[in-house]
J.: 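A single structure is presented below for examination.
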Amino acid sequence: MSAALKIHIGRIETLALDAVVNAANRRLLPGAGVDGALRAAAGPALTELTDTLAPIEEGQAVLTPGFKLRARHIIHTAAPIWTLPGDEDEKCERLSRCYANSIALAARHQLRRIAFPCLGTGSYGWPRETAGEIAI
């Protein structure tokens, strides 16, 4: 089976897919950016549920319903914070695990059409080029 990769510039919370990936924090608390947009569109039931799932490790992925989103599910994953001290190679490995674990989780639930934001490039400070290379 081959997978198609498409780059789409737009609002992730508007996509009608099997799942969208949320750039979450480890405690799955409401945030800004992608997380804020998904929560606003999904409604308060999303936060009620994620409160019961936290915390997660960097690179881990968990699945929730999409609630009021057009996407049926949300895959939440927590990227490492680029701007914190630490080995850059290890951070890159942990960011890579965000993608790998999200894809594996989607496969286990037979979710075929998923969308990723460029994880870590918002408040976590990842350089877009570095994060984009890892994503692809």
Side-chain angles (χ1 to χ4, degrees):
M1 177 174 111
S2 67
L5 173 66
K6 296 180 184 179
I7 296 176
H8 174 80
I9 299 173
R11 304 291 307 187
I12 198 167
E13 74 275 14
T14 67
L15 301 176
L17 301 170
D18 294 329
V20 294
V21 177
N22 181 21
N25 57 65
R26 290 189 58 230
R27 293 177 55 204
L28 299 177
L29 293 172
V34 170
D35 185 77
L38 289 173
R39 287 177 190 274
L46 175 57
T47 299
E48 291 171 13
L49 179 57
T50 57
D51 285 348
T52 69
L53 302 175
I56 63 172
E57 297 298 320
E58 290 177 352
Q60 185 180 356
V62 296
L63 184 71
T64 66
F67 295 102
K68 294 181 181 179
L69 290 177
R70 293 179 67 206
R72 294 182 330 168
H73 301 279
I74 304 169
I75 297 170
H76 307 265
T77 189
I81 301 173
W82 180 259
T83 55
L84 290 179
D87 182 73
E88 289 183 6
D89 289 339
E90 175 58 30
K91 289 180 189 179
C92 290
E93 173 58 32
R94 286 180 285 170
L95 184 62
S96 178
R97 283 196 304 258
C98 289
Y99 289 96
N101 288 333
S102 294
I103 291 167
L105 182 61
R108 281 195 306 275
H109 291 273
Q110 300 179 355
L111 308 175
R112 298 178 188 273
R113 297 182 64 219
I114 63 175
F116 284 91
C118 196
L119 297 170
T121 59
S123 61
Y124 282 16
W126 278 78
R128 289 185 186 274
E129 185 174 309
T130 302
E133 288 174 4
I134 291 169
I136 292 170

J.: Using 0.5 Å steps for rounding, measure from the CD atom of Glu93 to the CD1 atom of Ile134.
T.: 9.0 Å

J.: With rounding to the nearest 0.5 angstrom, report the CG to OG1 distance, Leu38 to Thr50.
T.: 11.5 Å

J.: Are Leu28 and Leu69 co-members of a hydrophobic cluster defined by side-chain heavy atoms under 4.5 Å apart?
T.: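 Yes; Leu28 is reachable from Leu69 via cluster members.
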
J.: Side chains of His76 and Leu53: does their closest heavy-atom pair fall under 4.5 Å?
T.: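 Answer no - side chains too far apart.
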
J.: Can you see which heavy atom on Cys118 is nearest to which on Arg128, and at what distance?
T.: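 Between these two residues, the closest heavy atoms are SG-O, 4.5 Å.
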
J.: Which pair of heavy atoms, one from Ala131 and one from Thr121, lies closest together, and at what distance?
T.: CB-CG2, 3.5 Å

J.: Nearest heavy-atom pair of Thr130 and Cys92: which atoms, and what distance?
T.: CG2-SG, 4.2 Å

J.: Would you check, one step at a time, whether the test side-chain contact (heavy atoms from CB on, under 4.5 Å) holds for Asn22 with Thr64?
T.: CA-CA 10 Å; Asn22 181 21; Thr64 66; over 6 Å; no

J.: Quick one: do Ile114 and Val20 end up in the same hydrophobic cluster if we chain Ile, Leu, Val, Met, Phe, Trp and Tyr together by side-chain heavy atoms under 4.5 Å apart?
T.: no

J.: Would you indicate whether Leu84, at its atom CG, is surrounded by more than 12 heavy atoms from other residues, nucleotides or ligands within a distance under 6.0 Å?
T.: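 Yes, because the 6.0 Å sphere around CG of Leu84 holds more than 12 heavy atoms from other groups.
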
J.: When you group the ILVMFWY residues by side-chain heavy-atom contacts below 4.5 Å and let the links chain together, are Tyr99 and Val62 in the same group?
T.: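 Val62 does not cluster with Tyr99.
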
J.: CD1/Ile136 to CG/Leu5 distance, rounded to the nearest 0.5 angstrom?
T.: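 Answer rounded to 0.5 Å: 6.5 Å.
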
J.: With rounding to the nearest 0.5 angstrom, report the OG1 to CZ distance, Thr77 to Phe116.
T.: 8.0 Å

J.: Could you tell me whether Arg113 and Asp18 have a side-chain N and a carboxylate O separated by less than 4.0 Å?
T.: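 Answer for the salt bridge query: no.
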
J.: Between Arg27 and Pro55, is there a donor-acceptor pair closer than 3.5 Å when you use the side chain of the first and the backbone of the second?
T.: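 Between the backbone of Pro55 and the side chain of Arg27 there is no qualifying donor-acceptor contact (under 3.5 Å).
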
J.: Give the minimum heavy-atom separation between Ile12 and Val21, together with the two atoms involved.
T.: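 In terms of heavy atoms, the two residues are closest at CD1-O, 3.7 Å.
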
J.: What I'd like to find out is whether the side chain of Pro80 reaches to under 4.5 Å of the side chain of Trp126, using heavy atoms alone.
T.: yes

J.: Apply side-chain contact (heavy atoms from CB on, under 4.5 Å) to Leu63 and Arg108, showing your working.
T.: CA-CA 11 Å; Leu63 184 71; Arg108 281 195 306 275; over 6 Å; no

J.: With distance as the sole test, does Asn101 use its side chain to make a donor-acceptor pair with the main-chain N or O of Gly59 at under 3.5 Å?
T.: yes

J.: My understanding is that only residues two or more places apart in sequence, or in another chain, count here; which of them pass side-chain hydrogen bond (donor to acceptor under 3.5 Å, both in side chains) with Glu57?
T.: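 Per chain and number, Glu57 pairs via side-chain hydrogen bond (donor to acceptor under 3.5 Å, both in side chains) with Arg26.
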
J.: If you round to the nearest 0.5 Å, how far is SG of Cys98 from CD1 of Ile75?
T.: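 One finds 12.0 Å between CD1 of Ile75 and SG of Cys98.
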
J.: Is there a path of hydrophobic side-chain contacts, each under 4.5 Å between heavy atoms of I, L, V, M, F, W or Y residues, that connects Leu46 with Leu29?
T.: no

J.: Between Leu49 and Val34, is there a shared hydrophobic cluster once you connect ILVMFWY residues whose side-chain heavy atoms come closer than 4.5 Å?
T.: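 They do share one cluster, since a chain of ILVMFWY contacts under 4.5 Å joins Leu49 to Val34.
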
J.: As an exercise, state the distance from CG of Leu17 to NE2 of His73, rounded to the nearest 0.5 Å.
T.: 11.5 Å

J.: Taking C-beta and beyond as the side chain, do Leu119 and Ser102 meet within less than 4.5 Å on heavy atoms?
T.: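 Contact flag for Leu119/Ser102 side chains = no.
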
